[in-house]
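What follows is a short report on a single structure.
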Amino acid sequence: MNLLMDLWQVQEMRTALLVGSTVAIATACIGVLTVLRGQSFAGHSLTDLASVGGSAAYLLGINQLWGFLVASVLAGLGMHAIGIERIRGRDVATGIVLATGMGFTSLFITLSMTGKSGGSAAVAVLFGSLFAINPQTVPLICLLAVVSIVAMALIWRPALFVTVSPQLAHANGVRNGLINAVFMCILGIGVALGSISVGAILSTALLIGPASCGLILARRMRDAIITAGVLGFASVWIGVILSYESYHWTGGKSWSVSFCIVALILLMYLVCRVLRSLGLVHGNARRKAVVAHV
Amino acid sequence: MNTWYASTVVALSAGIIGVFVVLRGDSFLAHAIPHGSFAGAAVAVTIGLSPVTGMGIAALLSALAMHFLGKKGRRDVVIALLLVFLLAGGAFMLSLSGDYSNEVYALLFGQVLAVTDSDLLTMSILAIVAVTLVLCMIRPLLASSIMPEQASVQGVNNNLVALLFTIVIACVTTASVPIVGAMLLFSLLVAPPAAACALARNPIHAITLSSIFALCCMWLSVALSVLTDLPIGFFVATSSACVYAVAKVIAHIWKH
């Protein structure tokens, strides 16, 4: 308890914990549907395309959040327009768009490097740090998180229906195209939020990791979302505290906070897999959702 | 000289292997394994080994991990999580070894002018091994990529083929990452072969065309990168995307 009180005194820690927890909860909710829809590759491509926006913003000197947000929402809508999301990453077009995006990222980063020493821009945009967030952007981040959660809640039922059984949903009068487009927008916002907190190419972890743990552990869809939120929240807090405390253990070289969070998430996922293969948990949220709708 | 030779090796091997990546729909795997090799190179730099050795070991290990973990669960989730962890781990290892941002940058986006003779030898051997492996199992590989059910009826072990092919991707990755960088090897593995598949009528044509495309993209990019002093990855990505777009348009015209 003392430790937490100490941490709360530091301005950067307060910002990091606040932003981290909001983002973790928002991305966990979005992630559950992303995993169910089999769109992990799409989510990952969005993060890479978001880094184009992030590096462009870095080059122009604008707040990176705007770069991430604009690039990933546009990219999400673009993917929806080409129809990539249905092919589940099997389409090479996704890959080529993604690779071109990375090419531009490297260009922007090189351009912003000239004159300065080294690739610190690359590190800042791609790997990010919760400790380096400007406190002034906190209200905006919270606002975006709330918007994405509310939007998720609004489209939840039809979106789940479309995911589980597109034909049946269509027959019942759900507008599949509209729902998919709205979901891609929300995914774009989620990716931008993740990018600002753990860095563009690492934000996939926050999106996919806690959500797939939730789906393994929980028996019902609602429980899966709650579990995902709790796990995401926990991984951010433990990660931040580990990273902060590692400064004392390692003699001045603290572990990067993004690494701590990502490593915790992978660990959690592996534990969930082991639990399931031992037969200790029977998460059948996915099957329940199918049965409820069909 | 080393640069030209190395880029030729990379382009040819990526062009040949890429055809199968596209046919099998393994783009995400081809995207993820290079990131594993990034972590390996980072570990090697930190403990003072040659980066190529570290890359080879890490690419192989991550390829095996993705193959075995991905079999039961949802494959894309496993690949995504491992990929991100390896990237973060690589950056973390480099950050422990001190001045790390330049290293990260070079490994991710490529550094074509810094190929040593011994690296070149390792690379060529790996590329030759990968290509020979693919050519040896070309029939079962094609069969299980295009019609997995029928292939297994005819006695092809799909699982073994998938495992071997994952290892092939790991070899090519190790050969190429020092040149084009972890992030952009992917564009060479996917775009020129996809263009070739759009145009060619049989697999042999596709392989030939795709190597030619990859070679052209690679040489053009090296030349442009030397001339303009901009990162090679940018040119590789844009030129191969252009090749793909042009091939798509031509294929569309042929159809009508």
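Just the heavy atoms: all of them, side chains too, but no hydrogens, waters or symmetry mates, feed the values below.
The contact between A:Thr100 and chain B is made by backbone and side chain atoms together, counting heavy-atom distances below 4.5 Å. Using a 4.5 Å cut-off between heavy atoms, A:Ile261 does not touch chain B at all. There is no contact between A:Leu207 and chain B, counting heavy-atom distances below 4.5 Å. The parts of B:Ala241 that come within reach of chain A are both its backbone and its side chain, each placing non-hydrogen atoms under 4.5 angstrom from that chain.
Here the rule is side chain to side chain contact (heavy atoms under 4.5 Å, CB included) with B:Phe85, and of A:Leu266, A:Leu264, A:Leu270 only A:Leu266 fits it.
Inter-residue side-chain proximity for B:Ile79 and A:His44 is flagged as unmet; no heavy-atom pair is nearer than 4.5 Å.
Of all non-hydrogen atoms in B:Ala237 and A:Gly103, the two that sit nearest each other are CB-CA, 3.9 Å.
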